[in-house]
Amino acid sequence: MKSDVEELMPRLLPLESCDTEEYNLNEPPRNPQEYLRQVQREASLCPDVVVAQIDPKKLKKKQSVNVSITGCLAAPQGFSPSLKWQQQQVSKFSEVRQSVNKHRQHWESQFLDDNVVMPKTEDEDGWKRFCLGENICLDIQLKEEDKVNPGLDYVKTGFPPFLSIVGKLNQSTISAVLEYLINWFEERDFVPQLGRWFYALLACLEKPLLPEAHSLIRQLARRCSAVRANLESKDDEHLSALNLMICIVARYFEQNDLADKE
């Protein structure tokens with residue numbers, strides 16, 4: 001008698017009935033029909049319903065996952081940019097992205113200078129030093145004359161995000177470097193090198209965003225808003241850069257809940 005499953009689901013490869021005594025089911029099939037017969041035989045021996053035996057003691061008591069959906073901190077009075085300024089920055093940023101995409105193929109084929117050695121994608125410390133420089137990463141205090149004339153020792157001051165560099169980064173590396181720098185920023189103050197690299201990496205980030213990138217840029221905007229909220233003066237040199245990062249994330253990448261309202 002056919003099972004209920006066989007009644008509801010017609011066979012894709014029907015076989016004519018045959019006597020199983022003609023061959024041994026325990027031996028390797030000699031032809032396609034014997035192979036299909038063995039498959040059917042094995043399937044008929046499987047139960048229709050299987051219940052997994054789970055030991056409740058092995059399950060964690062708390063399996064909830066906390067996901068932060070909070071927005072940016074509101075800017076202090078007079079610290080947020082106007083809507084017109086935000087629209088201008090989005091327009092400029094869009095032009096920069098178009099230029100990067102236009103010239104990416106050219107820069108991918110160019111060789112870097114001998115002094116430019118990019119770290120491997122998984123080298124978090126290497127990328128922090130590469131982007132920010134040893135002086136910042138190792139907290140080296142500069143002399144007054146070095147502050148006035150820092151020179152071009154990129155190992156110490158960090159490599160700028162030249163097109164010849166960022167043009168060679170694939171999307172996986174862009175997301176990784178963005179994550180490394182955001183992690184660094186979460187525990188430290190804003191520095192100009194961060195702003196340059198954040199802007200360049202966002203300009204190279206392809207849309208539509210992957211979930212990981214979506215989460216990262218929101219984290220960046222929230223961190224910028226937290227730093228901005230602690231600024232003591234509207235004349236702080238970092239205010240414009242912080243506003244710019246929030247603006248790009250919120251207005252260009254359409255994270256509207258994070259946007260500064262006029």
Side-chain angles (χ1 to χ4, degrees), residues 86-137 150-186 190-221 223-224 238 240-255:
Q86 295 181 63
Q87 292 172 339
Q88 291 173 341
Q89 300 310 314
V90 170
S91 177
K92 292 179 181 178
F93 181 71
S94 179
E95 293 176 0
V96 170
R97 283 176 60 89
Q98 292 175 12
S99 178
V100 170
N101 290 332
K102 180 179 179 181
H103 297 95
R104 177 182 290 277
Q105 187 173 2
H106 167 76
W107 289 111
E108 285 178 348
S109 62
Q110 300 301 306
F111 292 100
L112 294 172
D113 293 339
D114 294 338
N115 66 322
V116 183
V117 180
M118 290 193 293
K120 295 181 179 179
T121 300
E122 64 274 11
D123 185 1
E124 181 171 354
D125 290 336
W127 274 108
K128 289 176 181 177
R129 292 193 185 192
F130 184 86
C131 299
L132 306 178
E134 291 183 350
N135 291 340
I136 290 177
C137 290
L152 292 176
D153 189 346
Y154 292 137
V155 173
K156 293 182 179 180
T157 62
F159 286 88
F162 296 126
L163 273 176
S164 57
I165 293 177
V166 296
K168 292 182 177 297
L169 305 182
N170 58 34
Q171 290 300 298
S172 176
T173 303
I174 290 171
S175 295
V177 177
L178 189 60
E179 180 179 5
Y180 300 153
L181 295 181
I182 291 174
N183 290 341
W184 190 93
F185 185 33
E186 286 285 357
F190 186 85
V191 293
Q193 290 92 326
L194 273 178
R196 290 192 286 267
W197 272 96
F198 282 148
Y199 192 92
L201 292 172
L202 291 176
C204 296
L205 202 59
E206 294 179 356
K207 297 174 70 175
L209 297 178
L210 295 175
E212 296 82 0
H214 178 271
S215 175
L216 283 172
I217 65 172
R218 289 183 63 85
Q219 182 183 353
L220 171 59
R223 175 57 181 164
C224 287
H238 297 150
S240 180
L242 294 170
N243 282 338
L244 180 58
M245 293 300 104
I246 297 172
C247 172
I248 291 173
V249 171
R251 299 293 184 180
Y252 184 85
F253 289 102
E254 301 175 333
Q255 307 302 303

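Since we're looking at a predicted model, the values are computed, not measured.
Scanning both residues, I217 and Q255, for their nearest heavy atoms gives CD1-CG, 4.3 Å. Minimum heavy-atom separation, L220 to M245: CD2-SD, 4.5 Å. Nearest approach of L112 to I165, heavy atoms of both residues: CD2-CG1, 4.2 Å. Summarising the geometry of I246 relative to A221, their closest heavy-atom pair is CG1-O, 3.8 Å, with the distance given to 0.1 Å. Here the closest non-hydrogen pair linking R97 and L202 is NH1-O, 2.8 Å. Nearest heavy atoms, S94 versus Y252: CB-CE1, 4.0 Å.
Using a 4.5 Å cut-off on side-chain heavy atoms (C-beta onward), L181 and W127 make no contact. Side-chain contact between V117 and F130: absent, with no pair of heavy atoms (C-beta onward) separated by less than 4.5 Å.
Remark: L209 CG to S215 OG distance equals 11.0 Å, nearest 0.5 Å. Considering CG of L216 and CD of E212, their distance stands at 8.0 Å, rounded to 0.5 Å. The CG atom of L194 sits 10.5 Å away from the CG atom of L201 when rounded to the nearest 0.5 Å. Between atom CE of residue M118 and atom SG of residue C131 there is a gap of 10.5 Å, rounded to the nearest 0.5 Å. A distance of 14.0 Å separates OH in Y180 from CG in L132, rounded to the nearest 0.5 Å. Rounding to the nearest 0.5 angstrom, the gap separating the OG1 atom in T121 from the CD1 atom in I174 is 10.5 Å.
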Any chance you could lay out the side chain to side chain contact (heavy atoms under 4.5 Å, CB included) test for Y199 and V96, step after step, and finish with the verdict? CA-CA 10 Å; Y199 192 92; V96 170; 3.8 Å; yes
Q219 vs E186, side chain to side chain donor-acceptor pair (under 3.5 Å): CA-CA, chis, key distance, verdict: CA-CA 9 Å; Q219 182 183 353; E186 286 285 357; 3.0 Å; yes
Could you please spell out the steps behind the side chain to side chain contact (heavy atoms under 4.5 Å, CB included) verdict for F253 and K207? CA-CA 8 Å; F253 289 102; K207 297 174 70 175; 3.9 Å; yes
From CA spacing to verdict: side chain to side chain contact (heavy atoms under 4.5 Å, CB included), Q89, I248: CA-CA 8 Å; Q89 300 310 314; I248 291 173; 5.7 Å; no
Could you walk me through whether L244 and F93 satisfy the side chain to side chain contact (heavy atoms under 4.5 Å, CB included) test, starting with their C-alpha distance in whole Å, then the side-chain angles of each, then the deciding distance to 0.1 Å, before giving a yes or no? CA-CA 10 Å; L244 180 58; F93 181 71; over 6 Å; no
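By the 30° and 60° cut-offs, the orientation of the rings of F159 relative to Y154 is tilted. Ring-plane geometry between F185 and F198 is classed as tilted, the angle between the planes lying from 30 to 60 degrees on a 0 to 90 degree scale.
Screening residues 117-126 for salt bridge (charged side-chain N to carboxylate O under 4.0 Å, His left out), with sequence neighbours left out, gives E124-K128.
For the pair D113 (side chain) and N115 (backbone), a donor-acceptor distance under 3.5 Å is absent. Counting only distance, with no hydrogens or angles, the side chain of S99 and the backbone of E95 share no donor-acceptor pair below 3.5 Å. Side-chain atoms of S175 come within 3.5 Å of backbone atoms of Q171 as a donor-acceptor pair (strictly under, hydrogens ignored).
Counting heavy-atom neighbours within 6.0 Å of K168 NZ, excluding the residue itself, gives a total above 12. Shown here is R129, whose CZ atom has no more than 12 heavy atoms of other residues, nucleotides or ligands within 6.0 Å.
For the residue pair N243 and S240, no side-chain donor N or O sits within less than 3.5 Å of a side-chain acceptor on the partner.
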